[in-house]
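Step one of this worksheet: look at the structure below.
No hydrogens, no waters, no symmetry mates; every other heavy atom, side chains included, goes into these values.
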Amino acid sequence: MNFNQKVIVLIKKIPKGRVATYGQIASLVSTPRAARMVGGILHRDSEKYDLPWQRVINSKGMISTTCQKHSSNLQAKLLQNEGVKVIKKDNNYFIDLKKYLWREA
DNA sequence: GAGCTGACAATAG
DNA sequence: GCTATTGCCAGCT
């Protein structure tokens with residue numbers, strides 16, 4: 001299985017109401033420093049594979065999307081809709097990882 | 001076909 | 001604790 005496919009499978013495993021970090025996903029596919037790829041995959045294939053891209057954020061718990069189609073505003077909205085508390089700060093959104101970070105199944 | 005860029009994270013200073 | 005550099009692999013130009 002390719003790196004790309006592994007990431008997709010993992011992301012689809014993220015339960016509703018939880019969030020995972022790019023580094024976490026990367027670690028789960030045995031490539032800790034490939035966090036960038038995770039983001040890149042979401043950027044390209046989020047709609048193709050119907051991925052819950054909103055459940056993937058950076059290690060700081062901050063939404064760092066640069067993608068306008070998948071804006072941080074939309075991401076925050078989707079997360080809150082799943083019961084995740086999203087904190088808005090200085091035009092950026094933060095998630096409380098201590099409460100909502102996904103623990104691999 | 002070669003080089004650059006990208007939803008980031010870890011290591012070193 | 002914070003800033004700077006390196007690593008990752010696939011897609012695009």
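When rounded to the nearest whole Å, the span between NZ of A:Lys60 and P of B:dC8 equals 10 Å. Per the geometry, CD1 belonging to A:Ile25 stands 19 Å off P belonging to C:dC8, to the nearest Å. In this entry the distance linking CD of A:Gln24 with P of C:dC8 reads 21 Å, nearest Å. Spacing between atom OH of A:Tyr22 and atom P of C:dG7 amounts to 23 Å, rounded to whole angstrom units. Atom CG of A:Leu74 is separated from atom C1' of B:dA7 by 13 Å (rounded to the nearest Å). If you measure from atom CG of A:Asp45 to atom C1' of B:dG6, you get 14 Å, rounded to the nearest angstrom. A:Gln68 has its CD atom 14 Å from the P atom of B:dG6, to the nearest Å. Remark: P of C:dA10 and CZ of A:Arg44 are 9 Å apart, rounded to the nearest angstrom.
Which of B:dA7, B:dC8, B:dA10 sits closest to the side chain of A:Arg33 comes down to B:dA10. When distances run from any side-chain atom of A:Leu42 to the nucleotides B:dT11, B:dA9, B:dA7, the shortest one goes to B:dA7. Minimum atom distance to the side chain of A:Asn4 is reached by C:dG11, of the listed B:dA7, C:dG11, C:dC8. Listed candidates were C:dG11, B:dA7, B:dC8. Nearest to the side chain of A:Ala35 is B:dC8.
Using a 4.0 Å heavy-atom distance criterion, A:Gly23 is classed as a sugar-phosphate-only contact. Residue A:Thr65 is classed as a base contact, given a heavy-atom separation below 4.0 Å to a base.
Mapped onto DNA chain B by nearest heavy atom, A:Arg36 and A:Ser59 fall at different nucleotides, with A:Arg36 at the one closer to the 5' end.
Considering A:Ile8, A:Val29, A:Val7, A:Asn4 in turn, A:Val7 is the only one that fulfils the side-chain contact (heavy atoms from CB on, under 4.5 Å) rule with A:Val38.
Here the side chain of A:Asp96 pairs a donor or acceptor atom with the backbone of A:Lys98 at under 3.5 angstrom. Judged by distance alone, with hydrogens and angles left aside, the side-chain atoms of A:Thr65 form a donor-acceptor pair with the main-chain N or O of A:His70 at under 3.5 Å. Looking at A:Gln75, its side chain never comes within 3.5 Å of a backbone N or O of A:Ile57 through a donor-acceptor pair.
In this structure, A:Ser64 reaches the B:dC8 phosphate: one of its side-chain N or O atoms is under 4.0 Å from OP1 or OP2.
Contact check on A:Glu82 versus A:Arg55 returns a salt bridge, with a Lys/Arg side-chain nitrogen under 4.0 Å from an Asp/Glu carboxylate oxygen.
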